[in-house]
Asks: 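Quick one: this structure, given as structure tokens, is what I'll be asking you about.
Quick note: numbers below take in every heavy atom, side chains included, and nothing from hydrogens, waters or symmetry partners.
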Number of protein chains: 2
Amino acid sequence: MSDAPSFRNPTAHDVARLAGVSQSAVSRAFTAGASISPDKREKIIAAADQLGYRPNILARSLIQGTSKVVGVVFGQFENPFFAHALDRFAEEFAARGLRILLFTAKTNATVDEQVAELLSYKVSAVILMAVNLSSKLAAECARSNIPVVMFNRTTEEDHAAFTVTGDNAAGATAIARHFLATGRKRIAYMAGYDDSSTSRQREAAFFAALADSGLPPPRRAIGHYSRHGAIEATRALFASASDQPDALFCANDLMAIAAIETLRAEFGIEPGAQCAVAGFDDIPMASWPSFSLTTYSQPVADMVARAVAFIAGETGEEQAVVVPGKLIVRNSA
Amino acid sequence: MSDAPSFRNPTAHDVARLAGVSQSAVSRAFTAGASISPDKREKIIAAADQLGYRPNILARSLIQGTSKVVGVVFGQFENPFFAHALDRFAEEFAARGLRILLFTAKTNATVDEQVAELLSYKVSAVILMAVNLSSKLAAECARSNIPVVMFNRTTEEDHAAFTVTGDNAAGATAIARHFLATGRKRIAYMAGYDDSSTSRQREAAFFAALADSGLPPPRRAIGHYSRHGAIEATRALFASASDQPDALFCANDLMAIAAIETLRAEFGIEPGAQCAVAGFDDIPMASWPSFSLTTYSQPVADMVARAVAFIAGETGEEQAVVVPGKLIVRNSA
DNA sequence: CTGTTAGCGCGTTCAC
DNA sequence: GTGAACGCGCTAACAG
């Protein structure tokens, strides 16, 4: 395989020679809206087909200084919410002729490296899903005129990025009120990460709504937005048999579902009556009969559409879009 | 945003001027293993930092005729098996300095388009996850010396692609034997797609093993590898109250889990005793207490590692790798 | 509408 | 070890 006959792909020159035209004519034949006569175009296309020619997108991008590629940095593969969002992005982008260059980052530290490399690829935009970018790199992107979208995260710094999130405050408040309205007293909260704006915003609004009703601050554990972490957090919260919560709000559905299963399997608690469990996102799984999870929805399709609109420059001056969701009451709370 | 001051990114020339060296020296400073004196390299790096210079990967790839990018065409976002595999690919690639250009294809027809475009990007390999490629495009890839990997699919055509799959035949046979050993008589099969090699291979081995024991061919329905399709297929298979199956083998775990929930919610059947349900893949969800799904495992990490090894040229002449899994017996069967 | 010309930014000879 | 010169494949600006 190493010393194959070093096949050279046909270039526009080759096609031009075969079709008896100039190389730039070939270029025009492959450029939508270029001025070229139909018959000449046909002849060129025929010659190209014969040779198996395809324009080299790298060369094109080099000239134009930008590629039809969007860099996506992805954090959480475990959470179906983001898988779904990635799917939606792929579809929206495909419709606009954009491609996805995918990076994954397990830690925030690597995000900067990834984005730095994305700049080398002259991507036309960067999307950060569930990860944070340093302001230094945000500035670099701005300097190169590359729009940056933070998906499901916000940032304190102005103009560092366009952010699109669900309505964390409204959602957490709705969950709190629902708990209160159904007479819950010993309420607990399971956070994602402490450095996740999403988790912090949900927590702040949740705590505030409870405090408004004179309740003490909830018990609290950190589930790291993962199933494994959520199981451990549930164990910690319910360890004391004499003082178990009667309601649990988890910062996302993935953790809430893990909590439900742990309560059933390890504590003999059937979520709903004895202890209410609520999540956030309304991932498809939340509606599965095994979980029937009460949650606050984040409309993925809308959120993605807003992000794509921004990238496409179809948006005004707004920097932070909050897409409203709604409380979905099911059997778990 | 449209008429920003049209910022030009610094080039190697700019750095060279600032550092008082030639442009090729700059190139060498950024090329691992190039011969350049340490102090000169330092000076260049300093100048580059000051200017915020990063090599333009597009230009580099244009010269070298290949980019450190692997094209991935992705079919099924709904199935966590593939999400997990994509995650593993991302990690393995990152370790080798490879990037992922992601395409999605809902239909087989679009796969050809996607791959054709990947060729324009001069990708160094193509990975097809759960989709089929026409032999025409496979040939084009071969002509351009671009290795093609079909992940979890096989092809009849020789040398069209490197394929890596789980052990469909052994797995389906193991499930069949397990059903037989536990006294099941009225056995049903839920296929994925009829044009999926994976589904066909599992079906063939499953039917053969049952036939060996003198059982009639199972009842059969098509679940389209989706939750929705699996729910409908389950309804169809269990519609006649007088003749319900006592065992159901689904072509993947995602469908098996949907079947389990449908049996519980709509037919009052608790999988395990009255009716056995088995899947294929051993996705993480299969082990969740709500499902406790009996299944045959496909070791994602191994499969991905084999695929990556092939791309990296660390593999011999083999064209079709079958990675063995094992029967995982849980409560559902 | 068409061909000619001049680069895009960088890696890679090739002399020194 | 270093710089000059060339060219990767293509688009864009220009003249006809």
Asks: Below 4.0 angstrom, N of the basic side chain to O of the carboxylate: do A:E314 and A:R306 qualify?
Replies: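 No, A:E314 and A:R306 are not salt-bridged.
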Asks: Specify the residues of residues 12-20 of chain A, ordered by number, for which at least one heavy atom lies under 4.0 angstrom from an atom of DNA chain C.
Replies: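 Under 4.0 Å from DNA chain C: no residue of residues 12-20 of chain A.
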Asks: In Å, rounded to the nearest 0.5 Å, how long is the span from CG of B:D112 to CD of B:E140?
Replies: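 So the CG of B:D112 and the CD of B:E140 are separated by 9.0 Å.
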Asks: Say you draw a straight line from CD of B:Q114 to CG of B:L128; how long is it, rounded to the nearest 0.5 Å?
Replies: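 With rounding to 0.5 Å, CD (B:Q114) is 10.5 Å from CG (B:L128).
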Asks: Tell me which residues in residues 27-42 of chain A lie within less than 4.0 Å of DNA chain C, going by non-hydrogen atoms.
Replies: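 Per residue number, the list reads A:R28, A:S35, A:I36, A:S37, A:K40.
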Asks: Can you list every pair that meets ring-ring contact (aromatic ring centres under 6.0 Å, His included) and has a residue in residues 96-155 of chain A, with sequence neighbours left out?
Replies: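 Every ring-ring contact (aromatic ring centres under 6.0 Å, His included) pair that includes a residue of residues 96-155 of chain A, provided the two are not neighbours, is A:F89-A:F151.
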Asks: Once ring-ring contact (aromatic ring centres under 6.0 Å, His included) is applied, what residue pairs with a partner in residues 14-41 of chain A remain, sequence neighbours excluded?
Replies: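 For residues 14-41 of chain A, and leaving out neighbouring residues, the ring-ring contact (aromatic ring centres under 6.0 Å, His included) pairs sorted by first residue read A:F30-A:Y53.
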Asks: Is the shortest side-chain N to carboxylate O distance from A:R54 to B:E117 below 4.0 Å?
Replies: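 Salt bridge flag = no for B:E117 with A:R54.
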Asks: Mark yes or no for whether A:T155, through its side chain, and A:E157, through its backbone, hold a donor-acceptor pair below 3.5 Å.
Replies: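 A pair under 3.5 Å: yes.
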Asks: So where does chain A start and stop touching DNA chain C, 5' to 3', when the test is distance under 4.0 Å to a non-hydrogen atom?
Replies: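 Using the under 4.0 Å cut-off, the span is C:dC1 to C:dG9.
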Asks: Please enumerate all residues that pass side-chain contact (heavy atoms from CB on, under 4.5 Å) together with A:R153, with sequence neighbours excluded.
Replies: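 Residues passing side-chain contact (heavy atoms from CB on, under 4.5 Å) with A:R153: A:A130, A:N132, A:M150, A:S196, A:S197, A:T198, A:Y225.
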Asks: Would you compute the distance between atom CZ of A:F77 and atom OG1 of A:T104 and round it to the nearest 0.5 angstrom?
Replies: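 Going from the CZ atom of A:F77 to the OG1 atom of A:T104 covers 6.5 Å.
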Asks: Side-chain contact test, heavy atoms from C-beta onward, threshold under 4.5 Å: evaluate it for A:N56 versus B:L62 and give yes or no.
Replies: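 Sidechains of B:L62 and A:N56: in contact.
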Asks: For the side chain of A:T315 and the backbone of A:I311, is there at least one donor-acceptor N/O pair under 3.5 Å apart?
Replies: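 Judged by distance alone, no pair lies under 3.5 Å.
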Asks: Among pairs that include at least one residue of residues 122-143 of chain B, which meet ring-ring contact (aromatic ring centres under 6.0 Å, His included), considering only residues two or more places apart or in two chains?
Replies: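 Every candidate ring-ring contact (aromatic ring centres under 6.0 Å, His included) pair involving residues 122-143 of chain B fails, so no pair, neighbours aside, qualifies.
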Asks: What parts of residues 59-71 of chain A reach DNA chain C, counting only heavy atoms under 4.0 Å away?
Replies: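 Within this stretch, A:L62, A:I63 sit under 4.0 Å of the strand.
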Asks: By the side chain to side chain donor-acceptor pair (under 3.5 Å) test, which pairs, at least two apart or in different chains, include something from residues 12-31 of chain A?
Replies: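 For residues 12-31 of chain A, and leaving out neighbouring residues, the side chain to side chain donor-acceptor pair (under 3.5 Å) pairs sorted by first residue read A:R8-A:D14, A:S22-A:S24.
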Asks: Please output the side-chain donor-acceptor pairs of residues 35-47 of chain B that fall under 3.5 Å, not counting sequence neighbours, one pair per line with the distance.
Replies:
residue, atom, partner, partner atom, Å
B:S37, OG, B:D39, OD1, 2.9
B:R41, NE, B:A29, O, 3.4
B:R41, NH2, B:A29, O, 3.1

Asks: Going 5' to 3' along DNA chain D, which nucleotides are the first and last within contact of chain B (any atom under 4.0 Å from a heavy atom)?
Replies: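 Reading along DNA chain D, I get D:dG1 to D:dG9.
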Asks: Going by the rule salt bridge (Lys or Arg N to Asp or Glu O under 4.0 Å), which residues pair with A:R88 if we only count those two or more places apart in sequence or in a different chain?
Replies: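 Per chain and number, A:R88 pairs via salt bridge (Lys or Arg N to Asp or Glu O under 4.0 Å) with A:E91, A:E92.
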